[in-house]
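Side-chain atoms are counted along with the backbone in the values below, which use heavy atoms only and exclude waters and symmetry mates.
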Number of protein chains: 2
Amino acid sequence: MSDARRKFKRETADQRKEALIQATLSLVAEKGVRGATVRAIAERADVTQGLIRHYFSTKEELVTAAYETHMTEMTDLTFTMAAKVQGTARDHLAALVRTSLEPPVADPRAVALWASFLNKVQQDAQMKATHERTYADFRDRLQDLIRAALDEAGQSVSDTRLHHLATACNGVIDGLWLEGGALPDAFAPGELPGIGVESVGAIIGLDLEQRANQP
Amino acid sequence: MSDARRKFKRETADQRKEALIQATLSLVAEKGVRGATVRAIAERADVTQGLIRHYFSTKEELVTAAYETHMTEMTDLTFTMAAKVQGTARDHLAALVRTSLEPPVADPRAVALWASFLNKVQQDAQMKATHERTYADFRDRLQDLIRAALDEAGQSVSDTRLHHLATACNGVIDGLWLEGGALPDAFAPGELPGIGVESVGAIIGLDLEQRANQP
DNA sequence: TTCGTAATTATGCAAGTGTATAAATACGAA
DNA sequence: TTCGTATTTATACACTTGCATAATTACGAA
């Protein structure tokens, strides 16, 4: 029997799960969690709906897995990109801010996903835990960078003060991230990272915009 | 026939529409637009589902009306509260920032609504128009306050620079508003308005935290 | 009081929903 | 090659959804 008459192809469990998760994410971004129906997900992943049940015992389980995947990818992406930058502690901090506010991290689809999941995150304990873990990860990392940049500049701050600075900067960064994704046309290209670096610099009292070895 | 045996009570069209809209908003905040079913809305408004059709020819129409109502209420509320403050231009600006980041403006329900409507806003032209109008209103008002505060301090800035400052401050305020509503427990009481005033002040180069007639 | 009519309820329907279960089929092991 | 079995499709079911239409009922006008 020729391949052309094959009715389907077997994939590994990981490939299928990943395809289903990606199909779920794209639909959730477009139409929300309830709009991402099993049939629509199956169609987008090019399988029949029964297959979903074979890999995820319920739609809830698929959605939770998709959220977990998305959040992990976002965090990894941000940290990986920011880690590439060489330079002083101040440069590192500036790079993290910039990376967080540029594509592919800051992007309409990511914000649409964030918005679509918000309801469920507030009600589902497991999703809430995932959310708080990623949030805390980012904030701690940001706090370390702020401390290093201030140390480097010869300034010392109390733990309380440092905590406040990190909270403020994190709020500004997350906020601008949301704004940029929700209203991509409200900002000129590169404007958003600029505002972020300017604001974070202003809050902690360092000029982040000049590079380390300027004239 | 005694009142106790009445099967229903007639209300004016405005009262019923308002009740249906409020029921819709509370359900959309909890479960998203698709989760706010006609039957659930009717139950929450204490009517039978057929009545909805009598006032709104389609669910889409009800949802659009609810969004319009919500956005108008939010804008009015913010401007009304901020307008009460007496003092210098700097005080006015600080008050607008604070008001935007305190309850009842900054509040989990309002952010949940924002998130739930985001999908529809991006796809429905009428909702997009409503959104952009309210957004522009706020930004223009903010820009006027910034200009006045800078004038008052004897600083003059170019229109381009002013536009940039307003965009930056607006981004920070909206962003913090979202953060505060999405993670109400991440900030101590009063911390968020403080961060907002601090950041906006830092961006435009004025200390907004001291009141006008300090020693 | 009676009565007309608009507000409200009651009932029904076709399409879409998640989930369950049976049937078909690809593909590695023998 | 043959065959077993996990993967995948096919089909069905009970329930929910938005919308439509008929049947009631409240309440002001006469």
Side-chain angles (χ1 to χ4, degrees), chain A residues 1-25 27-28 30-67 116 119-120 123-124, chain B residues 1-25 27-28 30-67 116 119-120 123-124:
Chain A
M1 192 180 274
S2 80
D3 281 1
R5 296 178 69 183
R6 279 210 215 130
K7 294 210 168 159
F8 59 86
K9 183 165 173 253
R10 292 189 173 190
E11 304 281 0
T12 68
D14 282 352
Q15 281 174 320
R16 273 276 132 87
K17 282 192 173 185
E18 183 60 21
L20 289 172
I21 284 175
Q22 290 308 324
T24 303
L25 286 175
L27 275 163
V28 168
E30 288 171 27
K31 310 187 182 186
V33 175
R34 289 199 193 226
T37 68
V38 258
R39 283 167 180 80
I41 293 169
E43 187 183 13
R44 192 157 294 195
D46 263 311
V47 294
T48 53
Q49 51 155 328
L51 190 60
I52 290 181
R53 174 106 167 101
H54 189 258
Y55 288 106
F56 300 93
S57 64
T58 187
K59 183 192 167 183
E60 187 85 7
E61 194 179 312
L62 170 56
V63 169
T64 304
Y67 180 68
S116 297
N119 277 333
K120 277 208 154 297
Q123 285 163 16
D124 180 296
Chain B
M1 191 180 272
S2 79
D3 281 0
R5 296 178 72 183
R6 279 210 215 128
K7 294 206 171 161
F8 59 86
K9 182 165 175 256
R10 292 190 173 190
E11 304 279 2
T12 68
D14 281 353
Q15 282 174 320
R16 272 278 131 87
K17 282 192 173 184
E18 182 60 22
L20 288 172
I21 284 176
Q22 290 308 324
T24 303
L25 287 174
L27 274 163
V28 169
E30 288 171 27
K31 311 187 182 184
V33 175
R34 275 181 139 96
T37 66
V38 190
R39 283 167 180 80
I41 294 169
E43 187 183 14
R44 191 157 296 194
D46 263 311
V47 294
T48 52
Q49 53 154 327
L51 190 60
I52 290 180
R53 174 106 167 99
H54 190 257
Y55 288 106
F56 300 93
S57 65
T58 187
K59 182 192 167 183
E60 187 85 7
E61 194 179 311
L62 170 56
V63 169
T64 305
Y67 181 67
S116 296
N119 276 334
K120 277 208 154 297
Q123 285 164 15
D124 179 297

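When atom types are taken as modelled, the side chain of B:K31 and the backbone of A:N119 share no donor-acceptor pair closer than 3.5 angstrom. For the pair B:T24 (side chain) and B:V63 (backbone), a donor-acceptor distance under 3.5 Å is absent.
Distance CG (B:D46) to C1' (C:dT9): 14 Å, rounded to an integer number of Å. For the pair B:L20 CG and D:dG18 P, the interatomic distance rounds to 14 Å; values are reported in whole Å. Taking atom CG on B:L51 and atom C1' on C:dT9, their separation rounds to 9 Å, with Å as the unit. In this structure, A:Q49 atom CD and D:dA12 atom P are separated by 13 Å, rounded to whole Å. Spacing between atom CD1 of A:I41 and atom P of C:dG18 amounts to 8 Å, rounded to whole angstrom units. Distance CZ (B:R34) to P (D:dT17): 12 Å, rounded to an integer number of Å.
Both tests pass for B:K17 against the ring of B:F56: distance under 6.0 Å to the centre and angle within 45° of the axis.
In the region residues 9-16 of chain A, proximity to DNA chain D at under 4.0 angstrom, judged on heavy atoms, holds for A:K9, A:R10, A:E11, A:R16. Shown for residues 52-67 of chain A: residues whose heavy atoms fall under 4.0 angstrom of DNA chain D, namely A:H54, A:Y55.
Considering only the side chain of B:R39, D:dC19 comes nearest among C:dA10, D:dC19, D:dA12.
Using a cutoff of 4.0 Å between basic side-chain nitrogens and carboxylate oxygens, A:E61 and A:R53 are not scored as salt-bridged.
Residues A:L27 and A:T37 are not in side-chain contact: their nearest non-hydrogen atoms beyond the backbone lie 4.5 Å or more apart. Contact check for B:V47 versus B:R16: side-chain heavy atoms found under the 4.5 Å cut-off. Looking at A:L62 and A:I41, their side chains come closer than 4.5 Å, going by heavy atoms from C-beta outward.
Residue B:E43 places its CD atom among 12 or fewer non-hydrogen atoms of other residues, nucleotides or ligands, all under 6.0 Å distant.
Using a 4.0 Å heavy-atom distance criterion, B:T48 is classed as a base contact.
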Exercise. Go through the steps to decide whether B:I52 and B:K59 satisfy the test side-chain contact (heavy atoms from CB on, under 4.5 Å), and finish with yes or no.
Key: CA-CA 8 Å; B:I52 290 180; B:K59 182 192 167 183; over 6 Å; no
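Looking at which nucleotide of DNA chain C each of A:V38 and B:V47 is closest to, the 5′-most match is held by B:V47.
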